[in-house]
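If you read the sequence from its start, that first residue is 1, and numbering goes on from there. Counting convention: from 1, in listed order, for ligands and their atoms alike. All values reported here derive from a predicted model rather than from experimental measurement.
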Amino acid sequence: MKKRLFSGIQPSGDVHIGNYLGAIRNWVRLIDQFECIFCIVDYHAITIEYDPKDMKKRILNAAAVNIASGLDPGRCILFVQSHVPEHTELAWILNTVTPMGHLERMTQYKDKSRQHAENINAGLFNYPVLQAADILLYKSDAVPVGEDQVQHIELAREIARKFNMRYGEIFPEPKEILSEAPRIMGLDGKTKMSKSLGNYISLIESPESIRKKLSAAVTDENRKRRTDTGNPDICNLFTLHKYFSTKEQIEYVQGACRTAEIGCVECKRVLSDNVAEALTPVRLRYEELVKDPDFLLGILSEGAARCKRMAEDTMGDARKRMGLL
Ligand code: AMP
Ligand code: TRP
């Protein structure tokens with residue numbers, strides 16, 4: 001029997017190369033090794049201000065971009081969180097074994113309350129409990145995520161332990177799986193690449209736009225003139241070379257930057273070409289997929305039906321242990 005793997009992504013804007021390198025690439029790699037469930041977490045996305053008019057499109061786009069990146073729906077389950085109401089039902093139960101103090105310590109909650117000071121709602125506070133419910137509802141063992149989610153997975157383990165201690169063992173303790181690029185920095189070189197900060201290259205960015213964004217991206221800030229030598233070790237774009245360029249190109253730009261044989265313009269040209277080449281097939285497949293919303297809806301509704309059966313089993317089990325009628 002394969003172990004079960006679960007991960008989620010918010011439908012809250014463009015999926016970017018940070019999401020891909022930090023999480024989605026691992027999802028694709030692990031797809032046959034585990035029984036995989038991937039979830040578009042719309043109930044998480046509503047904890048910050050959004051326009052209801054756009055949500056349907058954002059969910060379908062998230063499905064399309066994930067399929068285009070390699071989540072073959074024939075080999076995994078892809079579904080939308082709100083289509084399986086047991087997620088929120090289990091979240092309510094798990095709230096009752098989650099200490100407030102643990103939620104107060106969550107850095108994502110602290111960051112988001114700073115960013116959205118006008119709308120610090122209880123959903124934002126309880127967000128990690130819903131995330132724990134997502135994972136535990138399917139008794140998942142493995143959760144491939146970027147580094148920013150590790151604290152939430154630790155809390156999910158703690159919640160599983162607390163539930164099991166009080167009501168009996170039903171939930172395995174899930175473990176995070178990190179990729180070799182667990183935290184990709186944004187093009188500003190200062191903060192994590194993120195949907196909300198706009199400092200990203202999306203997976204469906206056109207080659208022209210990739211070129212434009214990279215040409216404005218921050219490199220080694222000590223290198224002011226073309227003739228100055230540079231230091232790849234502190235250049236954010238050199239990190240991206242490591243994931244998109246060939247071994248020879250990486251060695252070349254590294255050496256030629258240190259000696260000022262090439263400038264940032266030339267280095268960025270090599271990187272732009274490689275990023276554009278890697279992303280073009282994803283963009284083309286995405287464009288095909290979004291032309292056919294019925295096809296996407298079919299995949300999502302089949303995914304939800306399969307999840308629903310597992311979710312009902314877990315909830316039946318949990319209710320019984322809790323002494324509910
Ligand atoms: P989100 O867009 O917040 O729903 O994130 C989806 C997945 O991408 C999660 O597993 C995140 O941890 C991961 N992720 C988001 N931003 C980055 C980043 N800059 N570097 C690496 N992983 C990331
Ligand atoms: N909170 C995650 C993020 O922002 C998304 C998410 C929701 C998730 N539920 C999950 C990730 C369960 C892993 C497992 O990226």
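Applying the 4.0 Å criterion to heavy atoms of H44 picks out, from ligand 2, the atoms 7 (C), 9 (N). Less than 4.0 angstrom separates some heavy atom of H16 from each of these atoms of ligand 1: 16 (N). Annotation for ligand 1: atoms under 4.0 Å from non-hydrogen atoms of K195 are 1 (P), 2 (O), 4 (O). Less than 4.0 angstrom separates some heavy atom of K192 from each of these atoms of ligand 1: 19 (N). Interface atoms of ligand 1 facing R183, defined by a heavy-atom separation under 4.0 Å, are 20 (N), 21 (C). Of all atoms in ligand 1, numbered sequentially from 1 with element shown, those under 4.0 Å from a heavy atom of Q149 are 12 (O). Heavy-atom proximity to M193, at under 4.0 Å, picks out these atoms of ligand 1: 16 (N), 18 (C), 19 (N). Atoms of ligand 1 lying under 4.0 Å from at least one heavy atom of G22, given by number and element, are 21 (C), 22 (N). For ligand 1, the atoms sitting less than 4.0 Å from at least one non-hydrogen atom of Q10 are 3 (O), 4 (O), numbered in the order shown with element in parentheses. Shown in contact with V41 at under 4.0 Å from a heavy atom are these atoms of ligand 2, numbered in order with element: 7 (C), 9 (N).
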Salt bridge (charged side-chain N to carboxylate O under 4.0 Å, His left out) between R4 and E35, worked out: CA-CA 5 Å; R4 196 168 280 158; E35 184 188 336; 3.3 Å; yes

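Taking the charged nitrogens against the carboxylate oxygens, E208 and K212 have no contact shorter than 4.0 Å, which rules out a salt bridge. Ionic pairing of K291 and E288 is present here: one or more N-O contacts between side-chain nitrogen and carboxylate oxygen are shorter than 4.0 angstrom. Remark: D111 engages R114 in a salt bridge, criterion side-chain N to carboxylate O under 4.0 Å. Ionic pairing of E154 and R105 is not present here: no N-O contact between side-chain nitrogen and carboxylate oxygen is shorter than 4.0 angstrom. A salt bridge links D228 to R225: one of the charged nitrogens lies within less than 4.0 Å of a carboxylate oxygen.
Considering backbone and side-chain N/O atoms, I184 comes within less than 3.5 Å of an N/O atom of ligand 1. Residue P144 has no nitrogen or oxygen atom sitting less than 3.5 Å from a nitrogen or oxygen atom of ligand 1, judged on distance alone. The N/O atoms of W27, backbone and side chain alike, include none that comes under 3.5 Å of an N/O atom in ligand 1.
N119 places no side-chain N or O within donor-acceptor distance of the main-chain N or O of I48, the cut-off being under 3.5 Å. Not a single donor-acceptor pair under 3.5 Å links the side chain of K195 to the backbone N or O of G13.
By the 4.5 Å heavy-atom criterion applied to side chains, F238 and K242 are counted as neighbours. When side chains are defined from C-beta on, M310 counts as touching I37, because their heavy atoms get closer than 4.5 Å. Here the side chains of V275 and L240 are not in contact, with every heavy-atom distance at 4.5 Å or above. When side chains are defined from C-beta on, L21 does not count as touching S179, because their heavy atoms never get closer than 4.5 Å.
At a heavy-atom cutoff of 4.0 Å, ligand 2 is contacted by no atom of I153, backbone or side chain. Only the side chain of V145 comes within 4.0 Å of ligand 2, judged by heavy-atom distances.
Summary of contacts: the protein heavy atom closest to atom 14 (C) of ligand 2 is V143 CG1, 3.5 Å. Shortest contact from atom 22 (N) of ligand 1 to any protein heavy atom: G18 O, 3.3 Å. Looking from atom 10 (O) of ligand 1 to the surrounding protein, the closest heavy atom is G146 N, 3.1 Å. Ranking protein heavy atoms by distance to atom 9 (N) of ligand 2, first place goes to D134 OD2, 2.7 Å. From the protein, the heavy atom lying nearest to atom 1 (N) of ligand 2 is Y127 OH, 2.6 Å. Given atom 10 (C) of ligand 2, the protein heavy atom at minimum distance is Q131 CG, 3.4 Å. Nearest protein neighbour of atom 2 (C) of ligand 2, counting heavy atoms only, is Q149 OE1, 3.4 Å.
At least one heavy atom of P182 sits closer than 4.0 Å to an atom of ligand 1.
Across N19, V15, L197, heavy-atom proximity to atom 14 (N) of ligand 1 is greatest for N19. Evaluated by nearest non-hydrogen atom to atom 13 (C) of ligand 2, the leading choice among C39, P128, G8 is G8. By heavy-atom distance, the residue among T191, D148, V145, I17 lying nearest atom 11 (C) of ligand 1 is D148.
Checked against the 6.0 Å centroid threshold, Y109 and F125 count as a close aromatic pair. When ring centroids are compared, Y43 and H87 stay outside the 6.0 Å threshold.
Atom NZ in K268 sits 6.0 Å away from atom OG in S215 (nearest 0.5 Å).
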